[in-house]
Trainee: 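This is the structure I want to talk about, given as structure tokens.
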Amino acid sequence: MKPPMPDTRPADSPSLFPSHVRVVDVLLPVAVGSAYSYRVPEGIEVAVGDIVVVPLGTRHMLGCVWPRTEDPRESPKPVDPARLKPIQRKYDVAPLRPAMIAFIRWIADYTVTPPGMVLRLALRHDESAGIARERTGVRLTERRPERRTSARERVIAALLDGFVRSKSDAAREAGVSPSVVDGLVDDGVLETVVLPPEPAAEAPDPDHSRPELLPAQAEAATRLVAAVKARAFQPFLIDGVTGSGKTETYFEAVAEAIRQGRQTLILMPEIALTQAFLDRFARRFGVRPAEWHSAVSTKRRGRVFKGVASGEVRVVAGARSALFLPFADLGLILVDEEHDNAYKQEDGVHYHARDMAVVRARLEAATVALVSATPSIETEVNARRGRYTRLALPERFAGTKVPRLEPIDLRREGPPRGQWIAPRLAQEMERTIEAGGQALLFLNRRGYAPLTLCRACGHRIKCPSCSSWLVEHRFRRRLECHQCGYATPVPTECPNCHEPNSLIPCGPGVERLHEEAAKLMPEARLQVLSSDLAGGVERLRAELKAIEDGEVDIIIGTQLVAKGHNFPGLALVGVIDADVGLGHGDPRAAERTFQLLHQVAGRAGRHEMEGRAFLQTYMPEHPVMQALVAGDRDAFYDREIGVREEAHLPPFARFAALIVSGTDPHAAQAHARALAACSPFTGEVRVLGPAEAPLALVRGRHRYRLLARSARLFDLSAYVRAWMAGAPRATGNLRVEIDIDPQSFL
DNA sequence: AGATAGACATAT
DNA sequence: TATGTCTATCTA
């Protein structure tokens, strides 16, 4: 830190040098529209981007010295100089660079969120966390103890090499408790040494172990490497079938960024950030990347945050929040599984991390690559229009093909009532297991049965707080609401007509499927995999290991099995109900179903083994099923893009919804209607049902949704801002949130 | 965001 | 009339 400026004014004539009140604007991480002005006290020098501690009301908080703009919304109103409060101190962290400030502004503008809320995402770390505490190590001296015990001897033996170790390491290596080490320090046998702080992440080695690449991979890698070398914004789509080595390919670009001394951000859906991925990275680069997601400890976050800001951390693998890390020199961003919905932030600042990654890359003059086997419609359109350069990886590594999905028409060859596995699928499973392969039954429904019905009066048991069906979880003997988490013991009589023993479970969940499969194949070893597996992450990890080791014949899984995990012995996939998820009126239902089922099918058959996949459906003629069966991805995209065009929704702008919420339902609805009445909104106003939006009635807040049907969504944020500015004062308690997937940033 | 002052509702 | 609960407003 710079020394304070010496005061050069003559002591006897201060009035000759009118002391200028130095004022700067500081953006605070709170939901206020503009930055606030603060006085800079003598002895403190601040520049734009600096992080400072300032008083606000009764508290002190971090803020960022913010540049002035012409934009009146962001500029502070002039304040009586006497009312200005002084900056308390500078905060010891790297200042936000201009690209980061531009990024924050861009997102705030696009998402119609106060910039302070976006800044909050960038400053989210614990103040004390980043300060690496001093670590002490121990080293052997010439002295030997008077009292000799076997524990002491072991410590001395372990430290005979003369190297310094931390106390805990020394104790662990010698197999003794730390108090033995302390005792030796007291006796002067060991001396303590101050250790340098542990690095936030070790430096990855771009040449640690370079893999053999297939021709298509090598070609794609070359183009990515060239882009990284060029140090200019360039967006790519890495479009490769499951098992085509997308990761190995983009690792080459990571290697180049490391060689260039620039940083890399690998974004992944949180669930995909597994040990397996980190290990894979370590095999290629010798060390693991720095991790950034909700499960990382506060202390570790602080260190990573500082390491990223200083440039010491070269590669970060993180969930969407990693997008707001203060990279010193970001050269490459990878968005793995770019189609994944987890990239959407649904509360606070509504942003789509995939799109914001492209924005950030542009502002940082970095290369960005979106990676997927089933790109989102938007990304596909951007690739087709040439805004993203497509790098196609059409072949699988081992030369096997992604299996075609074979349809099983449930109307013609379905199972008997009360069962869900078609005879043909059962046969194929038996054959597969006899041949030593594994089978996966995919059903995206947790629990035993999605509906409990009264045989006597027809009553369907619903959640008292959000009116969606309660799902029976037989293992836990409860009825659970999958929307809001409400749970109650399974009743013995109908809550409506009080008829005893009249309740019957309707429809299948994975637990019920497990029951059926066990009956069909009593010898087979079964395992259910779902996110609510008893025993949590530990158990899940253990079960995945067991599956990998071939200790399971039939896996019965929900969505969980479609993502990330590798099942090397999997030879057959059976989709129990391909129609789940279609026809809910969700405009993205077709896309999601296609992506999910394509990914699930892709799990079958790798490592020189051809796999097979079956699709049980009541509507084999549905375009999604047809595309899946034909293995024709392009046909699917052609159709989906066409559908959106017909609805006058530019495919790359996706759907837009405005959520107007307020505490007074009448006022909120009136405002929603007023907004809807104005161009460009022609959509209807709907009260959000709880099933549609579990958060709809949080704390008595009423929400209304507008669907915008406009070809010019580009103006959406400006439009809403203008509307809000002109809205009557009573709208102060109304929040307008835009829920869109912005695509107009190129 | 978080503190606080005001607006109702309810206990004392 | 004190006390609790919920909301709207303000922070420089």
Side-chain angles (χ1 to χ4, degrees), chain A residues 19-42 44 46-69 71-91 96 104 107-108 111-129 294 298 301 321 324 345-351 660-671 695-704 724-725 727-737:
Chain A
S19 60
H20 288 294
V21 180
R22 293 182 301 163
V23 178
V24 289
D25 298 342
V26 176
L27 185 67
L28 294 159
V30 297
V32 292
S34 75
Y36 283 165
S37 301
Y38 283 88
R39 190 161 55 75
V40 185
E42 290 293 322
I44 291 184
V46 292
V48 165
D50 281 349
I51 307 301
V52 291
V53 180
V54 295
L56 181 74
T58 56
R59 312 167 283 164
H60 286 265
M61 56 169 60
L62 292 185
C64 177
V65 179
W66 208 241
R68 277 279 164 104
T69 48
D71 189 339
R73 294 183 313 239
E74 218 184 72
S75 311
K77 295 187 175 59
V79 171
D80 172 11
R83 268 187 61 217
L84 289 177
K85 288 187 181 177
I87 286 175
Q88 201 193 42
R89 62 187 170 94
K90 239 165 115 167
Y91 184 66
L96 295 191
I104 291 169
I107 292 185
T111 59
V112 201
T113 312
M117 292 297 281
V118 185
L119 177 70
R120 205 163 65 90
L121 300 176
L123 292 182
R124 239 197 234 162
H125 66 290
D126 193 276
E127 178 160 351
S128 58
S294 59
T298 340
R301 278 157 106 88
S321 58
F324 293 93
Q345 171 96 58
E346 303 269 15
D347 47 47
V349 185
H350 288 229
Y351 67 91
V660 180
S661 65
T663 42
D664 175 354
H666 300 294
Q669 194 167 35
H671 284 101
L695 298 174
L697 293 172
V698 178
R699 308 217 302 150
R701 211 164 252 282
H702 300 263
R703 300 178 132 206
Y704 298 87
M724 286 175 84
R729 190 98 177 83
T731 60
N733 63 343
L734 279 178
R735 287 183 54 176
V736 180
E737 297 166 354

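Quick caveat: nothing in here was measured; it's all calculated off a predicted structure. All heavy atoms count here, side chains included; hydrogens, waters and symmetry mates do not. First the proteins, then the strands, lettered A, B, ... as listed; each starts at 1.
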Trainee: Tell me, do A:Val54 and A:Lys85 make a side-chain contact under 4.5 Å, heavy atoms counted?
Mentor: no
Trainee: Rounded to whole Å, how long is the line connecting atom NE2 of A:His60 with atom P of C:dA12?
Mentor: 11 Å
Trainee: Side chain of A:Pro76 only, heavy atoms from C-beta on: which candidate in C:dA12, B:dA1, B:dT4 is closest?
Mentor: C:dA12
Trainee: Among A:Val46, A:Leu28, A:Leu84, which residue satisfies the side chain to side chain contact (heavy atoms under 4.5 Å, CB included) criterion with A:Tyr38?
Mentor: A:Leu28
Trainee: What integer distance in Å separates A:Leu121:CG from B:dA1:C1'?
Mentor: 13 Å
Trainee: Taking side chain as C-beta onward, heavy atoms only, is A:Ile51 less than 4.5 Å from A:Leu96?
Mentor: yes
Trainee: What is the distance, to the nearest angstrom, from the CG atom on A:Leu84 to the P atom on C:dA12?
Mentor: 10 Å
Trainee: Establish whether the base of B:dA1 is bridged to the side chain of A:Arg59 by a donor-acceptor pair shorter than 3.5 Å.
Mentor: yes
Trainee: Rounded to the Å, how far apart are A:Leu27 CG and C:dA12 C1'?
Mentor: 13 Å
Trainee: By the 4.0 Å heavy-atom rule, please label A:Val32 as base, sugar-phosphate, or nothing.
Mentor: base
Trainee: Using a heavy-atom cut-off of 4.0 Å across all strands, would you classify A:Leu56 as base, sugar-phosphate, or nothing?
Mentor: base
Trainee: Find the distance A:Arg39:CZ to C:dA12:P and express it as a whole number of Å.
Mentor: 13 Å
Trainee: Answer yes or no: is there a side-chain heavy-atom contact under 4.5 Å between A:Leu62 and A:Val53?
Mentor: yes
Trainee: For DNA chain C, please output the secondary structure as dot-bracket, reading 5' to 3'. Pairs are Watson-Crick or G-U wobble, both atom distances under 3.5 Å; mark crossing pairs with [ ], other-strand partners with |, unpaired with a dot.
Mentor: |||||||||||.
Trainee: Under 4.0 Å between any heavy atoms, over every strand shown, what does A:Met61 touch: base, sugar-phosphate, or nothing? Just pick one.
Mentor: nothing
Trainee: For A:Ile44, is there any backbone N or O sitting under 3.5 Å from a side-chain donor or acceptor partner on A:Arg22?
Mentor: yes
Trainee: Nearest of B:dA1, C:dA12, B:dT4 to any side-chain atom of A:Thr58?
Mentor: B:dT4
Trainee: I'd like to check A:Ser34 versus A:Lys77 (side-chain heavy atoms, cut-off strictly below 4.5 Å). Are they in contact?
Mentor: no
Trainee: Atom CG of A:Leu28 and atom P of B:dA3: how far apart are they, to the nearest Å?
Mentor: 15 Å
Trainee: Check whether any side-chain N or O of A:Arg89 sits under 3.5 Å from a backbone N or O of A:Val52 as a donor-acceptor pair, and report yes or no.
Mentor: no
